[in-house]
There are 2 protein chains.
Amino acid sequence: MGERTRAITIADVAARAGVSQASVSRVLNRKQSVDPAIVRAVQDAIDVLGYTPSVAARSLVHGRNDTIAMVVPDLENPLFQGILKGLSLAAASDHYRVLVADTAEVVDDEEATAIEARHRCDALVLCAPRMPEERLRRLVARVAPVVVVNRPLPGAEVPIVGVDYARGIRDLVDHLRGLGHERIAYVSGPAASASNAERLRGVEEASAADPSVRIDVIAGGSRLDDGYMVAEAVTNARAAGVTAVIAFNDLVALGLMTRLTELGVSVPRDLSVAGFDDVPMARFSTPRLTSMSVPRGEIGAQAWARLRTLIAGGPIEHSVLYRPRLEIRDSTGPVAA
Amino acid sequence: MGERTRAITIADVAARAGVSQASVSRVLNRKQSVDPAIVRAVQDAIDVLGYTPSVAARSLVHGRNDTIAMVVPDLENPLFQGILKGLSLAAASDHYRVLVADTAEVVDDEEATAIEARHRCDALVLCAPRMPEERLRRLVARVAPVVVVNRPLPGAEVPIVGVDYARGIRDLVDHLRGLGHERIAYVSGPAASASNAERLRGVEEASAADPSVRIDVIAGGSRLDDGYMVAEAVTNARAAGVTAVIAFNDLVALGLMTRLTELGVSVPRDLSVAGFDDVPMARFSTPRLTSMSVPRGEIGAQAWARLRTLIAGGPIEHSVLYRPRLEIRDSTGPVAA
DNA sequence: CTGTTAGCGCCTTCAA
DNA sequence: TTGAAGGCGCTAACAG
């Protein structure tokens with residue numbers, strides 16, 4: 001890598017500077033102190049020759065290559081993008097780079113992809129929202145050091161950086177309750193998604209905590225289209241008394257609102273709609289979308305912090321769960337009188 | 001990399017199988033024909049030991065590591081995400097992985113980042129829309145094999161995969177002209193952006209080709225906020241007779257429409273608005289946004305195709321320029337009578 | 001402080 | 001067809 005023609009090596013530098021390779025290596029790594037004259041000679045030789053050390057050789061000697069991998073189901077998901085960005089920037093500040101491995105939503109490939117990616121790198125960030133728990137647990141043990149992002153994994157020896165989706169849903173329900181809504185619909189995400197399961201748990205908890213509220217679940221999805229297409233089901237629910245909708249995420253909420261507008265359903269007058277994730281677009285929809293904000297970049301940065309500790313041989317640090325922050329905008333309002 | 005404890009090596013496998021390392025290497029790489037008995041013995045040993053070859057050692061020997069890097073100014077830009085996804089998938093099908101290097105919009109870091117990334121990888125995909133041409137030309141020569149994405153670079157020895165933005169703008173202007181618009185405003189992107197320059201060229205060409213049309217340029221930006229904030233300037237332009245707006249990209253168009261709606265300006269009745277890039281959200285805005293579609297994933301895939309040829313020692317293949325496709329939706333309409 | 005010597009794990013001639 | 005040996009480029013002992 002890194003060279004077109006026959007690369008110049010540390011031996012060339014040593015020869016030109018009239019010293020041993022070890023000395024060159026020393027000035028390169030500033031480990032021991034070296035005679036200033038030699039340092040200068042070596043520096044000169046390096047400059048003249050335009051030498052750069054081979055990362056491959058270094059990797060072989062050190063047993064690491066200052067690279068981590070992030071495995072994601074879909075690079076086009078704004079949530080993962082934000083995490084990747086945060087991870088990439090944080091890692092870069094420690095001279096680490098990030099390899100991306102998009103599994104294109106094929107759950108059955110995730111395991112192999114993760115193992116392969118891990119083999120090229122020093123550590124792994126795993127986003128595998130749909131992988132069965134047991135399989136993920138085995139995988140995690142196999143590819144350590146690793147941190148799991150955006151889903152719980154009870155009992156596994158791995159740091160987790162995630163979001164308290166259940167709590168977020170409860171907070172959202174509270175918000176709607178405060179506006180007078182008692183009949184709410186939750187448009188669910190992908191059936192196998194762990195974070196959808198967490199949200200559903202939040203739905204249950206909210207129902208249990210407040211008998212006056214009733215929350216129906218409508219099968220949805222995770223993308224704009226899914227929200228668009230679920231609109232009919234939502235209007236049916238509305239006819240049956242539902243006054244507010246919580247969507248799996250903002251994309252679904254935005255797609256839903258688009259269709260509702262077409263159908264002549266006014267948000268929030270006829271129906272309140274809330275999303276989750278607080279993607280940039282949420283502030284720019286009409287009406288502006290009430291959402292639960294999730295610190296995407298921060299999740300990536302925290303994942304790196306934990307990974308760095310593990311790489312350095314440190315302990316498995318405490319997991320973190322971010323509590324989503326309610327962003328009240330214009331798509332939710334008081335229940336119609 | 002790839003190991004926690006002392007890794008097992010090809011020597012361990014050889015020992016257990018009772019053959020030489022060379023034989024193991026042979027069955028691993030299925031190069032020469034090997035005695036079936038040996039093959040079996042080696043396979044068994046590999047399975048029992050759970051051996052996987054060291055990528056670092058391989059890299060050192062081969063001088064490559066089956067990894068390419070993509071340098072981008074901002075991972076959160078939907079355009080680059082799409083390209084990255086396409087690139088990543090295409091490369092993966094050839095057992096290559098992609099390293100991402102986000103320069104966080106700091107143009108002065110791009111050069112160093114590119115060189116560093118290139119040093120870790122076999123080749124580079126460069127997205128550097130704001131780097132001065134001359135500097136980019138020098139850089140490109142230095143980091144080959146490389147392909148430049150999404151900007152022209154006349155006279156450089158490098159394949160380019162890009163978009164004919166000028167043509168796209170002209171097609172868009174034609175569309176608006178067909179609807180009767182003669183006074184158009186172009187909300188420009190970042191001043192240093194090469195693709196903005198291309199769009200401006202399209203604006204000039206369109207004006208030159210059709211004297212009946214007049215296109216004003218309004219300074220904008222590249223994000224939702226920029227579009228939102230430029231709305232006042234746009235309404236002023238409208239007061240001065242402008243009947244249609246072309247935004248630098250969809251994000252700007254969407255932000256602009258949001259603000260226009262707030263200001264009571266009806267799109268497309270009072271003003272037509274068109275974007276560029278055709279991001280997923282364009283189909284879901286209210287009104288649905290007319291845009292110029294750009295094949296994001298395909299750009300990434302083509303970038304990989306060219307890179308692969310270069311890596312294999314092939315020639316610099318022809319550059320490609322995609323012609324954006326007009327997606328007529330509801331945000332553009334006939335000029336008011 | 002410096003040079004010599006062994007590897008890191010793998011592939012690849014070269015003989016046998 | 002197989003094994004032995006050298007080397008990819010660098011670093012880390014170990015002497016000197």
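Everything quoted here is computed from the prediction, not taken from an experiment. Letters A, B, ... are given to chains in the order of the sequence lines, protein chains preceding strands, and every chain is numbered from 1.
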A.B. asks: Distance check needed: D:dT1 P versus B:Arg30 CZ, whole Å only.
C.D. replies: 17 Å
A.B. asks: Could you tell me whether the side chains of A:Glu76 and B:Gln81 share a donor-acceptor contact shorter than 3.5 Å?
C.D. replies: no
A.B. asks: Has the side chain of A:Arg308 got a donor or acceptor atom that lies under 3.5 Å from a matching backbone atom of A:Asp94?
C.D. replies: no
A.B. asks: Quick check: closest heavy atoms across B:Leu139 and B:Leu126, and the distance to 0.1 Å?
C.D. replies: CD2-CD2, 3.9 Å
A.B. asks: Output a table of nitrogen or oxygen pairs between the protein and nucleotides 14-16 of chain C separated by less than 3.5 Å.
C.D. replies:
none

A.B. asks: For D:dT2, does OP1 or OP2 lie under 4.0 Å from any side-chain N or O of B:Ser20?
C.D. replies: no
A.B. asks: Kindly determine whether A:Leu79 and A:Arg296 satisfy side chain to side chain contact (heavy atoms under 4.5 Å, CB included), including the steps that lead there.
C.D. replies: CA-CA 6 Å; A:Leu79 178 63; A:Arg296 295 183 282 282; 3.7 Å; yes
A.B. asks: For A:Arg120, does its backbone N or O pair with a side-chain atom of A:Asn65 as donor and acceptor, under 3.5 Å?
C.D. replies: yes
A.B. asks: Within the sub-3.5 Å range, which N or O atoms of nucleotides 7-10 of chain D have a protein N or O partner, and how far apart are they?
C.D. replies:
{"residue": "D:dC10", "atom": "OP1", "partner": "A:Tyr51", "partner atom": "OH", "Å": "2.3"}
{"residue": "D:dC10", "atom": "OP1", "partner": "A:Ser54", "partner atom": "N", "Å": "3.1"}
{"residue": "D:dC10", "atom": "OP2", "partner": "A:Ile10", "partner atom": "N", "Å": "2.3"}

A.B. asks: Apply salt bridge (Lys or Arg N to Asp or Glu O under 4.0 Å) to B:Arg58 and B:Asp66, showing your working.
C.D. replies: CA-CA 10 Å; B:Arg58 270 191 141 105; B:Asp66 303 310; over 6 Å; no
A.B. asks: Of the nucleotides C:dT2, D:dG3, C:dG3, which has the atom closest to the B:Val19 side chain?
C.D. replies: D:dG3
A.B. asks: Nearest 0.5 angstrom please: A:Met131 CE to A:Arg151 CZ, how far?
C.D. replies: 8.0 Å
A.B. asks: Please state whether the phosphate of C:dT2, meaning OP1 or OP2, lies under 4.0 angstrom from any side-chain nitrogen or oxygen of A:Ser23.
C.D. replies: no
A.B. asks: Does A:Arg64 reach the main-chain N or O of A:Cys121 with its side chain, forming a donor-acceptor pair under 3.5 Å?
C.D. replies: no
